[in-house]
There are 2 protein chains.
Amino acid sequence: MVKYIDIADDIREKIIEQTYTYGQKLPYEYVLCVTYHCNKETMKKALDILVKEGLIVRRRGAGTFVKDYDPSNDDVLKKGDRYGVGLTGKYQGFYRIRSEVVEFSVIPSDLEISKKLQIEEGSFVYHVIRARYLEEIPYVLEIIYMPISVIANLRLENVSNSIYAYIEDELGLKIQSSHKTITGELSTPLEQQYLELSEKEPFFQVEKVSYLSSGVIFEYSLNRYHYNQFEENTVTVHY
Amino acid sequence: MVKYIDIADDIREKIIEQTYTYGQKLPYEYVLCVTYHCNKETMKKALDILVKEGLIVRRRGAGTFVKDYDPSNDDVLKKGDRYGVGLTGKYQGFYRIRSEVVEFSVIPSDLEISKKLQIEEGSFVYHVIRARYLEEIPYVLEIIYMPISVIANLRLENVSNSIYAYIEDELGLKIQSSHKTITGELSTPLEQQYLELSEKEPFFQVEKVSYLSSGVIFEYSLNRYHYNQFEENTVTVHY
DNA sequence: GAGTGGTCTAGACCACATC
DNA sequence: ATGTGGTCTAGACCACTCT
(Lines give C-alpha, C1' and ligand atoms only; values in the text may rest on other atoms or scores of the structure.)
Protein backbone atom coordinates (compact mmCIF):
# COMPACT_ATOMS: atom_id res chain seq x y z
CA MET A 1 0.00 0.00 0.00
CA VAL A 2 2.64 2.48 1.03
CA LYS A 3 5.57 2.33 -1.30
CA TYR A 4 8.39 3.33 1.03
CA ILE A 5 7.38 0.71 3.57
CA ASP A 6 7.35 -1.98 0.90
CA ILE A 7 10.78 -0.91 -0.28
CA ALA A 8 12.12 -0.88 3.29
CA ASP A 9 10.67 -4.35 3.88
CA ASP A 10 12.36 -5.64 0.74
CA ILE A 11 15.77 -4.21 1.55
CA ARG A 12 15.50 -5.34 5.18
CA GLU A 13 14.81 -8.83 3.88
CA LYS A 14 17.95 -8.68 1.75
CA ILE A 15 20.00 -7.68 4.77
CA ILE A 16 18.59 -10.47 6.91
CA GLU A 17 19.14 -13.12 4.28
CA GLN A 18 22.57 -11.60 3.79
CA THR A 19 22.21 -10.60 0.16
CA TYR A 20 23.70 -7.42 1.50
CA THR A 21 26.26 -8.29 4.14
CA TYR A 22 28.01 -6.45 6.92
CA GLY A 23 30.04 -3.47 5.88
CA GLN A 24 28.89 -3.71 2.30
CA LYS A 25 28.00 -0.61 0.44
CA LEU A 26 24.49 -0.58 -0.90
CA PRO A 27 23.84 0.50 -4.47
CA TYR A 28 23.57 4.23 -4.33
CA GLU A 29 20.37 6.14 -4.30
CA TYR A 30 19.96 6.64 -8.01
CA VAL A 31 20.35 2.93 -8.77
CA LEU A 32 17.95 1.96 -6.01
CA CYS A 33 15.44 4.49 -7.31
CA VAL A 34 15.57 2.92 -10.74
CA THR A 35 15.36 -0.60 -9.31
CA TYR A 36 12.29 0.19 -7.24
CA HIS A 37 10.77 2.64 -9.72
CA CYS A 38 10.54 5.44 -7.24
CA ASN A 39 11.62 8.94 -6.54
CA LYS A 40 14.63 9.98 -4.50
CA GLU A 41 12.55 11.30 -1.59
CA THR A 42 10.58 8.08 -1.44
CA MET A 43 13.81 6.10 -1.40
CA LYS A 44 15.12 8.24 1.42
CA LYS A 45 11.99 7.55 3.47
CA ALA A 46 12.47 3.84 2.93
CA LEU A 47 16.15 3.88 3.91
CA ASP A 48 15.44 6.13 6.89
CA ILE A 49 13.31 3.35 8.35
CA LEU A 50 16.29 1.02 8.21
CA VAL A 51 18.53 3.70 9.70
CA LYS A 52 16.14 4.00 12.64
CA GLU A 53 16.17 0.23 13.02
CA GLY A 54 19.94 0.36 13.21
CA LEU A 55 20.48 -1.83 10.16
CA ILE A 56 22.27 0.64 7.92
CA VAL A 57 24.30 3.81 8.20
CA ARG A 58 24.23 6.55 5.60
CA ARG A 59 27.23 8.78 5.01
CA ARG A 60 26.84 11.87 2.92
CA GLY A 61 29.47 11.90 0.25
CA ALA A 62 30.42 8.30 0.84
CA GLY A 63 27.47 5.94 0.58
CA THR A 64 25.09 3.67 2.45
CA PHE A 65 26.53 0.77 4.42
CA VAL A 66 25.12 -2.27 6.14
CA LYS A 67 25.79 -2.10 9.85
CA ASP A 68 27.19 -4.77 12.07
CA TYR A 69 24.21 -7.07 12.24
CA ASP A 70 23.91 -9.72 14.89
CA PRO A 71 21.11 -12.11 13.86
CA SER A 72 20.60 -13.28 17.43
CA ASN A 73 19.73 -9.74 18.42
CA ASP A 74 17.15 -8.92 15.81
CA ASP A 75 14.15 -7.85 17.80
CA VAL A 76 13.41 -4.95 15.47
CA LEU A 77 12.94 -7.44 12.72
CA LYS A 78 10.39 -9.74 14.23
CA LYS A 79 6.95 -8.89 12.95
CA GLY A 80 5.47 -10.28 16.13
CA ASP A 81 7.13 -7.69 18.25
CA ARG A 82 6.57 -4.58 16.20
CA TYR A 83 5.07 -2.79 19.15
CA GLY A 84 7.60 -3.72 21.74
CA VAL A 85 5.07 -5.58 23.80
CA GLY A 86 6.16 -9.12 23.28
CA LEU A 87 9.40 -10.62 24.31
CA THR A 88 12.38 -8.58 23.37
CA GLY A 89 15.89 -9.32 22.33
CA LYS A 90 17.61 -12.44 23.34
CA TYR A 91 14.62 -14.38 24.56
CA GLN A 92 12.38 -14.03 21.58
CA GLY A 93 11.07 -16.94 19.65
CA PHE A 94 13.12 -19.58 21.36
CA TYR A 95 11.12 -20.45 24.42
CA ARG A 96 7.66 -21.52 25.42
CA ILE A 97 5.56 -18.72 26.83
CA ARG A 98 2.63 -19.05 29.18
CA SER A 99 0.33 -16.26 30.34
CA GLU A 100 -1.57 -16.32 33.60
CA VAL A 101 -4.45 -13.89 33.95
CA VAL A 102 -4.35 -12.69 37.54
CA GLU A 103 -7.10 -10.12 37.20
CA PHE A 104 -9.63 -9.24 34.51
CA SER A 105 -12.30 -6.76 35.48
CA VAL A 106 -13.96 -3.47 34.60
CA ILE A 107 -13.47 -0.62 37.05
CA PRO A 108 -14.16 3.12 37.14
CA SER A 109 -10.93 5.01 36.39
CA ASP A 110 -9.33 6.93 39.20
CA LEU A 111 -7.69 10.33 38.75
CA GLU A 112 -4.30 9.00 37.69
CA ILE A 113 -5.62 6.50 35.16
CA SER A 114 -8.12 8.95 33.68
CA LYS A 115 -5.31 11.46 33.22
CA LYS A 116 -3.07 8.96 31.49
CA LEU A 117 -5.86 7.73 29.23
CA GLN A 118 -7.20 11.26 28.75
CA ILE A 119 -10.73 10.26 29.63
CA GLU A 120 -13.16 11.51 32.22
CA GLU A 121 -12.55 10.39 35.79
CA GLY A 122 -14.88 7.55 36.64
CA SER A 123 -15.21 6.27 33.06
CA PHE A 124 -15.08 2.51 32.97
CA VAL A 125 -11.86 0.81 31.97
CA TYR A 126 -10.70 -2.75 31.64
CA HIS A 127 -8.26 -3.66 34.36
CA VAL A 128 -5.99 -6.55 33.47
CA ILE A 129 -3.16 -8.06 35.43
CA ARG A 130 -1.27 -10.73 33.59
CA ALA A 131 1.82 -12.69 34.55
CA ARG A 132 3.96 -14.17 31.80
CA TYR A 133 6.30 -17.07 32.09
CA LEU A 134 9.17 -18.18 29.92
CA GLU A 135 9.71 -21.89 30.30
CA GLU A 136 7.92 -21.49 33.62
CA ILE A 137 10.31 -18.79 34.77
CA PRO A 138 8.47 -15.59 35.70
CA TYR A 139 9.29 -12.92 33.22
CA VAL A 140 6.92 -9.98 33.33
CA LEU A 141 3.92 -8.79 35.26
CA GLU A 142 1.64 -6.64 33.13
CA ILE A 143 -0.88 -4.21 34.57
CA ILE A 144 -3.10 -2.86 31.82
CA TYR A 145 -5.88 -0.28 31.67
CA MET A 146 -7.98 0.23 28.52
CA PRO A 147 -11.13 2.33 28.12
CA ILE A 148 -14.13 0.14 27.35
CA SER A 149 -15.32 2.90 25.03
CA VAL A 150 -12.33 2.35 22.77
CA ILE A 151 -11.71 -1.38 23.04
CA ALA A 152 -15.11 -3.01 22.90
CA ASN A 153 -15.99 -6.49 24.06
CA LEU A 154 -12.62 -7.65 25.27
CA ARG A 155 -12.90 -11.26 26.40
CA LEU A 156 -10.87 -13.44 28.70
CA GLU A 157 -9.83 -15.43 25.68
CA ASN A 158 -8.23 -12.34 24.12
CA VAL A 159 -6.51 -11.44 27.35
CA SER A 160 -5.08 -14.93 27.70
CA ASN A 161 -3.66 -14.76 24.21
CA SER A 162 -2.74 -11.51 22.51
CA ILE A 163 -4.61 -8.31 23.26
CA TYR A 164 -2.81 -6.60 20.40
CA ALA A 165 -3.90 -9.25 17.93
CA TYR A 166 -7.49 -8.69 19.04
CA ILE A 167 -7.19 -4.93 18.58
CA GLU A 168 -5.54 -5.13 15.18
CA ASP A 169 -7.00 -8.23 13.59
CA GLU A 170 -10.48 -8.45 15.08
CA LEU A 171 -11.30 -4.81 15.71
CA GLY A 172 -9.32 -3.68 12.67
CA LEU A 173 -7.71 -0.79 14.52
CA LYS A 174 -4.25 0.50 13.76
CA ILE A 175 -1.71 1.25 16.43
CA GLN A 176 0.19 4.45 15.82
CA SER A 177 2.65 5.10 18.61
CA SER A 178 3.64 4.30 22.14
CA HIS A 179 5.24 6.52 24.71
CA LYS A 180 7.33 4.65 27.21
CA THR A 181 9.15 5.52 30.39
CA ILE A 182 11.54 2.98 31.83
CA THR A 183 12.42 3.26 35.49
CA GLY A 184 13.70 1.13 38.31
CA GLU A 185 11.39 0.55 41.25
CA LEU A 186 11.64 -1.32 44.51
CA SER A 187 9.50 -4.43 44.55
CA THR A 188 6.35 -4.79 46.61
CA PRO A 189 4.81 -8.11 47.65
CA LEU A 190 2.91 -8.23 44.33
CA GLU A 191 6.07 -8.28 42.23
CA GLN A 192 7.90 -10.40 44.76
CA GLN A 193 5.22 -13.02 44.32
CA TYR A 194 4.87 -13.01 40.56
CA LEU A 195 8.43 -12.20 39.52
CA GLU A 196 10.01 -14.28 42.26
CA LEU A 197 11.95 -11.34 43.57
CA SER A 198 13.31 -11.05 47.08
CA GLU A 199 12.49 -8.21 49.37
CA LYS A 200 14.55 -5.12 48.56
CA GLU A 201 15.19 -6.30 45.03
CA PRO A 202 14.19 -3.82 42.33
CA PHE A 203 12.38 -4.43 39.06
CA PHE A 204 12.32 -2.69 35.70
CA GLN A 205 9.10 -0.88 35.00
CA VAL A 206 8.00 0.15 31.54
CA GLU A 207 5.16 2.62 31.78
CA LYS A 208 3.45 2.90 28.43
CA VAL A 209 0.73 5.03 26.84
CA SER A 210 -0.35 3.81 23.41
CA TYR A 211 -2.20 5.62 20.64
CA LEU A 212 -4.33 4.38 17.79
CA SER A 213 -3.89 5.88 14.35
CA SER A 214 -7.01 7.90 15.10
CA GLY A 215 -5.07 9.63 17.85
CA VAL A 216 -7.15 8.08 20.61
CA ILE A 217 -5.32 6.58 23.56
CA PHE A 218 -6.31 2.96 23.97
CA GLU A 219 -3.92 1.71 26.62
CA TYR A 220 -2.08 2.68 29.74
CA SER A 221 0.09 -0.10 31.02
CA LEU A 222 2.79 -0.90 33.52
CA ASN A 223 5.02 -3.79 32.54
CA ARG A 224 7.18 -4.97 35.37
CA TYR A 225 10.17 -7.10 34.48
CA HIS A 226 12.53 -9.14 36.52
CA TYR A 227 15.80 -7.24 36.23
CA ASN A 228 17.71 -10.12 34.74
CA GLN A 229 15.07 -10.84 32.12
CA PHE A 230 14.86 -7.35 30.74
CA GLU A 231 16.38 -5.99 27.56
CA GLU A 232 15.46 -2.94 25.52
CA ASN A 233 17.15 -1.70 22.38
CA THR A 234 16.81 1.79 20.96
CA VAL A 235 18.37 3.77 18.17
CA THR A 236 18.37 7.53 18.44
CA VAL A 237 19.04 9.49 15.29
CA HIS A 238 20.04 13.06 16.00
CA TYR A 239 19.24 15.89 13.67
CA MET B 1 20.63 26.22 8.41
CA VAL B 2 18.12 23.43 7.94
CA LYS B 3 14.65 24.85 7.59
CA TYR B 4 12.58 22.03 9.07
CA ILE B 5 14.70 21.97 12.23
CA ASP B 6 14.29 25.73 12.66
CA ILE B 7 10.55 25.42 12.22
CA ALA B 8 10.38 22.53 14.70
CA ASP B 9 12.43 24.54 17.19
CA ASP B 10 10.08 27.47 16.85
CA ILE B 11 6.91 25.45 17.30
CA ARG B 12 8.45 23.50 20.20
CA GLU B 13 9.23 26.81 21.83
CA LYS B 14 5.60 27.87 21.44
CA ILE B 15 4.44 24.65 23.09
CA ILE B 16 6.86 25.05 25.99
CA GLU B 17 5.90 28.65 26.63
CA GLN B 18 2.29 27.53 26.25
CA THR B 19 1.39 29.68 23.27
CA TYR B 20 -0.06 26.40 22.12
CA THR B 21 -1.55 24.61 25.10
CA TYR B 22 -2.57 21.08 25.91
CA GLY B 23 -5.25 19.63 23.69
CA GLN B 24 -5.26 22.62 21.41
CA LYS B 25 -5.45 22.16 17.73
CA LEU B 26 -2.56 23.65 15.83
CA PRO B 27 -3.22 25.71 12.74
CA TYR B 28 -3.47 23.26 9.93
CA GLU B 29 -0.73 22.46 7.53
CA TYR B 30 -1.57 24.98 4.85
CA VAL B 31 -1.64 27.89 7.32
CA LEU B 32 1.63 26.81 8.93
CA CYS B 33 3.22 26.53 5.49
CA VAL B 34 2.26 30.09 4.70
CA THR B 35 3.41 31.32 8.12
CA TYR B 36 6.81 29.70 7.78
CA HIS B 37 7.12 30.21 4.03
CA CYS B 38 7.70 26.58 3.31
CA ASN B 39 6.39 23.63 1.42
CA LYS B 40 4.03 21.00 2.75
CA GLU B 41 6.68 18.27 2.83
CA THR B 42 9.05 20.53 4.74
CA MET B 43 6.32 21.30 7.24
CA LYS B 44 5.65 17.62 7.69
CA LYS B 45 9.32 16.98 8.42
CA ALA B 46 9.25 19.71 11.05
CA LEU B 47 6.10 18.40 12.72
CA ASP B 48 7.36 14.82 12.56
CA ILE B 49 10.21 15.83 14.84
CA LEU B 50 7.71 17.00 17.43
CA VAL B 51 5.68 13.83 16.97
CA LYS B 52 8.79 11.77 17.73
CA GLU B 53 9.43 13.92 20.78
CA GLY B 54 5.94 13.14 21.97
CA LEU B 55 4.81 16.76 21.98
CA ILE B 56 2.08 16.58 19.38
CA VAL B 57 -0.22 14.03 17.79
CA ARG B 58 -1.37 14.22 14.20
CA ARG B 59 -4.69 12.77 13.10
CA ARG B 60 -5.43 12.42 9.44
CA GLY B 61 -8.72 14.03 8.67
CA ALA B 62 -8.89 15.75 12.02
CA GLY B 63 -5.87 17.90 12.74
CA THR B 64 -2.72 18.31 14.78
CA PHE B 65 -3.04 18.48 18.56
CA VAL B 66 -0.75 19.39 21.39
CA LYS B 67 -0.23 16.41 23.65
CA ASP B 68 -0.44 16.24 27.40
CA TYR B 69 2.74 18.06 28.28
CA ASP B 70 4.24 17.82 31.71
CA PRO B 71 6.89 20.55 32.02
CA SER B 72 8.65 18.68 34.82
CA ASN B 73 9.27 15.80 32.47
CA ASP B 74 10.74 17.61 29.53
CA ASP B 75 14.01 15.83 28.95
CA VAL B 76 13.54 15.86 25.19
CA LEU B 77 13.45 19.58 25.32
CA LYS B 78 16.64 20.33 27.13
CA LYS B 79 19.36 21.24 24.69
CA GLY B 80 21.91 19.96 27.15
CA ASP B 81 20.60 16.43 26.95
CA ARG B 82 20.07 16.07 23.24
CA TYR B 83 22.11 12.91 23.18
CA GLY B 84 20.68 11.19 26.19
CA VAL B 85 23.98 11.28 28.01
CA GLY B 86 23.26 13.80 30.68
CA LEU B 87 20.76 13.46 33.40
CA THR B 88 17.38 12.37 32.25
CA GLY B 89 13.86 13.17 33.21
CA LYS B 90 12.99 14.05 36.72
CA TYR B 91 16.45 14.84 37.99
CA GLN B 92 17.54 17.25 35.33
CA GLY B 93 18.48 20.80 36.01
CA PHE B 94 17.41 20.86 39.60
CA TYR B 95 20.40 19.49 41.44
CA ARG B 96 24.10 20.01 41.75
CA ILE B 97 26.17 17.51 39.82
CA ARG B 98 29.72 16.49 40.52
CA SER B 99 31.90 14.20 38.39
CA GLU B 100 34.75 12.14 39.76
CA VAL B 101 37.24 10.75 37.26
CA VAL B 102 38.15 7.31 38.54
CA GLU B 103 40.28 6.31 35.56
CA PHE B 104 41.66 8.13 32.54
CA SER B 105 44.14 6.22 30.45
CA VAL B 106 44.98 4.96 26.98
CA ILE B 107 44.95 1.21 26.49
CA PRO B 108 45.10 -1.20 23.56
CA SER B 109 41.59 -2.39 22.69
CA ASP B 110 40.74 -5.99 23.45
CA LEU B 111 38.60 -8.15 21.17
CA GLU B 112 35.26 -7.01 22.56
CA ILE B 113 36.01 -3.31 22.50
CA SER B 114 37.55 -3.44 19.03
CA LYS B 115 34.45 -5.19 17.76
CA LYS B 116 32.12 -2.63 19.26
CA LEU B 117 34.17 0.28 17.98
CA GLN B 118 34.80 -1.46 14.66
CA ILE B 119 38.54 -0.91 14.84
CA GLU B 120 41.46 -3.28 14.70
CA GLU B 121 42.19 -5.24 17.85
CA GLY B 122 45.03 -3.64 19.75
CA SER B 123 44.37 -0.11 18.47
CA PHE B 124 44.71 2.40 21.23
CA VAL B 125 41.60 3.74 22.89
CA TYR B 126 40.89 6.14 25.70
CA HIS B 127 39.60 4.36 28.75
CA VAL B 128 37.56 6.55 31.06
CA ILE B 129 35.74 5.64 34.21
CA ARG B 130 33.72 8.44 35.68
CA ALA B 131 31.42 8.50 38.69
CA ARG B 132 28.72 11.13 38.83
CA TYR B 133 27.00 12.42 41.91
CA LEU B 134 23.76 14.26 42.34
CA GLU B 135 23.86 16.31 45.51
CA GLU B 136 26.58 13.89 46.62
CA ILE B 137 24.39 10.87 46.04
CA PRO B 138 25.99 8.41 43.61
CA TYR B 139 24.04 8.36 40.43
CA VAL B 140 25.87 6.76 37.56
CA LEU B 141 29.16 5.07 36.85
CA GLU B 142 30.31 5.63 33.29
CA ILE B 143 32.79 3.39 31.55
CA ILE B 144 33.82 4.89 28.23
CA TYR B 145 36.04 3.75 25.36
CA MET B 146 36.93 6.07 22.47
CA PRO B 147 39.50 5.48 19.71
CA ILE B 148 42.37 7.96 19.96
CA SER B 149 42.38 8.06 16.16
CA VAL B 150 38.92 9.61 16.14
CA ILE B 151 38.93 11.75 19.27
CA ALA B 152 42.28 13.48 19.34
CA ASN B 153 43.93 15.04 22.37
CA LEU B 154 41.30 14.37 24.97
CA ARG B 155 42.38 15.96 28.24
CA LEU B 156 41.50 15.36 31.85
CA GLU B 157 39.83 18.74 31.84
CA ASN B 158 37.42 17.60 29.11
CA VAL B 159 36.73 14.36 30.90
CA SER B 160 35.96 16.16 34.13
CA ASN B 161 33.50 18.39 32.38
CA SER B 162 31.66 17.39 29.23
CA ILE B 163 33.23 15.02 26.74
CA TYR B 164 30.40 15.72 24.32
CA ALA B 165 30.99 19.45 24.48
CA TYR B 166 34.64 18.84 23.63
CA ILE B 167 33.71 16.69 20.64
CA GLU B 168 31.12 19.06 19.29
CA ASP B 169 32.39 22.49 20.20
CA GLU B 170 36.16 22.09 20.17
CA LEU B 171 36.65 19.36 17.57
CA GLY B 172 33.67 20.55 15.56
CA LEU B 173 32.38 17.02 14.99
CA LYS B 174 28.72 16.20 14.66
CA ILE B 175 27.08 13.32 16.46
CA GLN B 176 24.65 11.39 14.32
CA SER B 177 23.17 8.52 16.24
CA SER B 178 23.46 6.29 19.25
CA HIS B 179 22.47 2.67 19.63
CA LYS B 180 21.55 1.73 23.14
CA THR B 181 20.76 -1.49 24.96
CA ILE B 182 19.29 -1.37 28.43
CA THR B 183 19.69 -4.36 30.73
CA GLY B 184 19.84 -5.21 34.39
CA GLU B 185 23.04 -6.73 35.73
CA LEU B 186 24.24 -8.03 39.07
CA SER B 187 26.66 -5.66 40.72
CA THR B 188 30.34 -6.34 41.23
CA PRO B 189 32.51 -4.65 43.85
CA LEU B 190 33.17 -1.78 41.43
CA GLU B 191 29.52 -0.78 41.22
CA GLN B 192 28.93 -1.60 44.87
CA GLN B 193 31.62 0.92 45.75
CA TYR B 194 30.67 3.76 43.43
CA LEU B 195 26.90 3.36 43.35
CA GLU B 196 26.62 2.42 47.00
CA LEU B 197 24.90 -0.84 46.21
CA SER B 198 24.81 -3.85 48.50
CA GLU B 199 26.02 -7.24 47.43
CA LYS B 200 23.43 -9.03 45.31
CA GLU B 201 21.78 -5.77 44.35
CA PRO B 202 21.58 -5.22 40.60
CA PHE B 203 22.31 -2.08 38.62
CA PHE B 204 20.76 -0.85 35.40
CA GLN B 205 23.10 -0.65 32.46
CA VAL B 206 22.86 1.37 29.27
CA GLU B 207 25.31 0.05 26.72
CA LYS B 208 25.82 2.59 23.96
CA VAL B 209 27.58 2.79 20.61
CA SER B 210 27.68 6.29 19.13
CA TYR B 211 28.29 7.44 15.58
CA LEU B 212 29.56 10.68 14.14
CA SER B 213 27.85 12.18 11.11
CA SER B 214 30.75 10.79 9.10
CA GLY B 215 29.56 7.30 10.04
CA VAL B 216 32.60 6.62 12.19
CA ILE B 217 32.02 5.13 15.63
CA PHE B 218 33.56 7.36 18.26
CA GLU B 219 32.33 5.87 21.49
CA TYR B 220 31.46 2.63 23.20
CA SER B 221 30.20 3.17 26.69
CA LEU B 222 28.58 1.43 29.60
CA ASN B 223 26.55 3.65 31.88
CA ARG B 224 25.68 1.93 35.11
CA TYR B 225 22.91 3.45 37.15
CA HIS B 226 21.68 2.91 40.61
CA TYR B 227 18.27 1.39 40.03
CA ASN B 228 16.38 4.10 41.84
CA GLN B 229 18.10 6.83 39.87
CA PHE B 230 17.33 5.43 36.46
CA GLU B 231 14.86 6.82 33.98
CA GLU B 232 14.62 6.57 30.21
CA ASN B 233 11.91 7.92 27.92
CA THR B 234 11.17 6.79 24.39
CA VAL B 235 8.52 7.42 21.79
CA THR B 236 7.99 4.76 19.16
CA VAL B 237 6.09 5.76 16.05
CA HIS B 238 4.82 2.76 14.14
CA TYR B 239 4.40 2.81 10.41
C1' DG C 1 -18.78 17.33 0.84
C1' DA C 2 -15.38 19.91 3.14
C1' DG C 3 -11.44 19.70 6.02
C1' DT C 4 -7.12 17.81 6.96
C1' DG C 5 -2.96 14.76 6.69
C1' DG C 6 -0.14 11.31 3.95
C1' DT C 7 2.34 9.85 -0.18
C1' DC C 8 4.62 10.45 -4.40
C1' DT C 9 6.98 12.72 -8.25
C1' DA C 10 10.46 15.58 -11.08
C1' DG C 11 13.76 18.46 -10.68
C1' DA C 12 16.70 22.19 -8.56
C1' DC C 13 20.23 23.15 -5.57
C1' DC C 14 23.28 22.34 -1.48
C1' DA C 15 26.81 19.82 1.67
C1' DC C 16 30.11 16.63 2.43
C1' DA C 17 33.70 12.82 1.20
C1' DT C 18 37.08 11.02 -1.56
C1' DC C 19 40.50 11.31 -5.01
C1' DA D 1 36.18 17.19 -9.98
C1' DT D 2 33.11 13.64 -9.21
C1' DG D 3 30.30 10.77 -6.35
C1' DT D 4 26.89 10.59 -3.07
C1' DG D 5 23.31 12.04 0.34
C1' DG D 6 20.30 15.96 2.19
C1' DT D 7 16.91 19.64 1.62
C1' DC D 8 13.41 22.09 -0.59
C1' DT D 9 9.69 23.17 -3.84
C1' DA D 10 5.16 22.94 -6.58
C1' DG D 11 1.75 20.32 -7.49
C1' DA D 12 -0.92 15.87 -8.11
C1' DC D 13 -3.48 12.53 -6.00
C1' DC D 14 -5.01 9.56 -2.08
C1' DA D 15 -7.03 8.39 2.73
C1' DC D 16 -9.33 9.39 6.66
C1' DT D 17 -12.65 12.16 9.81
C1' DC D 18 -16.35 14.93 10.88
C1' DT D 19 -21.08 16.29 10.43
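Side-chain atoms are counted along with the backbone in the values below, which use heavy atoms only and exclude waters and symmetry mates.
Looking at A:Ile7 and A:Lys45, their side chains never come closer than 4.5 Å, going by heavy atoms from C-beta outward.
Checked against salt bridge (Lys or Arg N to Asp or Glu O under 4.0 Å), B:Arg59 has no partners two or more places apart in sequence or in another chain. Take A:Glu170 and apply the side chain to side chain contact (heavy atoms under 4.5 Å, CB included) test, not counting sequence neighbours, and it matches A:Asn158, A:Tyr166. A:Thr19 meets the side-chain hydrogen bond (donor to acceptor under 3.5 Å, both in side chains) test with A:Glu17; sequence neighbours excluded. Residues satisfying the side chain to side chain contact (heavy atoms under 4.5 Å, CB included) test with A:Glu207, not counting sequence neighbours, are A:Lys116, A:Thr181, A:Tyr220, A:Leu222. Residues that satisfy the side chain to side chain contact (heavy atoms under 4.5 Å, CB included) test with A:Asp6, not counting sequence neighbours, are absent from this structure. Taking B:Val150 as the reference, B:Pro147, B:Leu212, B:Val216, B:Phe218 meet the side chain to side chain contact (heavy atoms under 4.5 Å, CB included) condition, with sequence neighbours excluded.
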Taking N or O atoms only and anything under 3.5 Å, show me the protein contacts with nucleotides 16-19 of chain D, one pair per line.
| from | atom 1 | to | atom 2 | distance (Å) |
| --- | --- | --- | --- | --- |
| D:dC18 | OP1 | B:Arg59 | NH2 | 3.0 |

Taking only N/O atoms, report every protein-nucleotides 10-13 of chain C pair under 3.5 Å with atom names and distance.
| from | atom 1 | to | atom 2 | distance (Å) |
| --- | --- | --- | --- | --- |
| C:dA10 | N7 | A:Asn39 | ND2 | 2.3 |

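In this structure, A:Arg58 reaches the D:dG6 phosphate: one of its side-chain N or O atoms is under 4.0 Å from OP1 or OP2. Close to D:dG6, at under 4.0 Å from its OP1 or OP2, lies a side-chain N or O of A:Lys44. Within the 4.0 Å cut-off from OP1 or OP2 of D:dT9, at least one side-chain nitrogen or oxygen of B:Lys3 is found. The shortest distance between the side-chain N/O atoms of B:Thr64 and the OP1/OP2 oxygens of C:dG5 is below 4.0 Å. Taking side-chain N and O atoms only, B:Tyr4 has a distance below 4.0 Å to OP1 or OP2 of D:dT7.
Summary of helix geometry: the two end axes of the helix from C:dG1-D:dC18 to C:dT18-D:dA1, each defined by five base pairs via their C1' atoms, are inclined to each other by 20° (rounded to 10°).
What separates CD1 of A:Ile5 from C1' of C:dC8 is a distance of 13 Å, to the nearest Å. Between A:Ile56 atom CD1 and D:dG5 atom C1' the separation is 12 Å, expressed in whole Å. A:Ile7 has its CD1 atom 10 Å from the C1' atom of C:dC8, to the nearest Å. Following rounding to the nearest Å, B:Asp6 (CG) and D:dT7 (P) show an atom-to-atom distance of 12 Å. Between A:Glu29 atom CD and C:dT9 atom P there is a gap of 13 Å when expressed in whole angstrom units. The CG atom of B:Asp48 sits 13 Å away from the P atom of D:dT7 (whole-angstrom rounding). Rounded to an integer number of Å, the gap from A:Tyr36 OH to C:dT9 P is 14 Å.
For the side-chain hydrogen bond (donor to acceptor under 3.5 Å, both in side chains) condition, the pairs that include at least one residue of residues 33-44 of chain B, sequence neighbours left out, are B:Asp10-B:Tyr36, B:Lys44-B:Asp48. Residue pairs meeting the salt bridge (charged side-chain N to carboxylate O under 4.0 Å, His left out) criterion with at least one member in residues 147-166 of chain B: none, sequence neighbours excluded.
In this structure, A:Tyr30 reaches neither bases nor backbone, as no heavy-atom distance under 4.0 Å exists between it and the strands shown.
DNA chain C is contacted by both B:Gly63 and A:Met43; B:Gly63 maps to the nucleotide lying nearer its 5′ end (nearest heavy atom per residue).
With hydrogens and angles disregarded, no donor-acceptor distance shorter than 3.5 Å links the side chain of B:Thr236 to the backbone of A:Ser177.
In summary, the side chains of A:His238 and B:Ser178 do present a donor paired with an acceptor at a separation below 3.5 Å, with no hydrogens or angles considered.
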Please tabulate, one pair per line, all N/O donor-acceptor pairs under 3.5 Å involving side-chain atoms of residues 123-130 of chain B, not counting sequence neighbours.
| from | atom 1 | to | atom 2 | distance (Å) |
| --- | --- | --- | --- | --- |
| B:Ser123 | OG | B:Glu120 | O | 2.7 |
| B:Tyr126 | OH | B:Asn153 | N | 3.3 |
| B:Tyr126 | OH | B:Leu154 | N | 3.1 |
| B:Arg130 | NE | B:Glu142 | OE1 | 2.7 |
| B:Arg130 | NH1 | B:Val159 | O | 2.7 |
| B:Arg130 | NH1 | B:Asn161 | O | 3.0 |
| B:Arg130 | NH2 | B:Glu142 | OE1 | 2.7 |

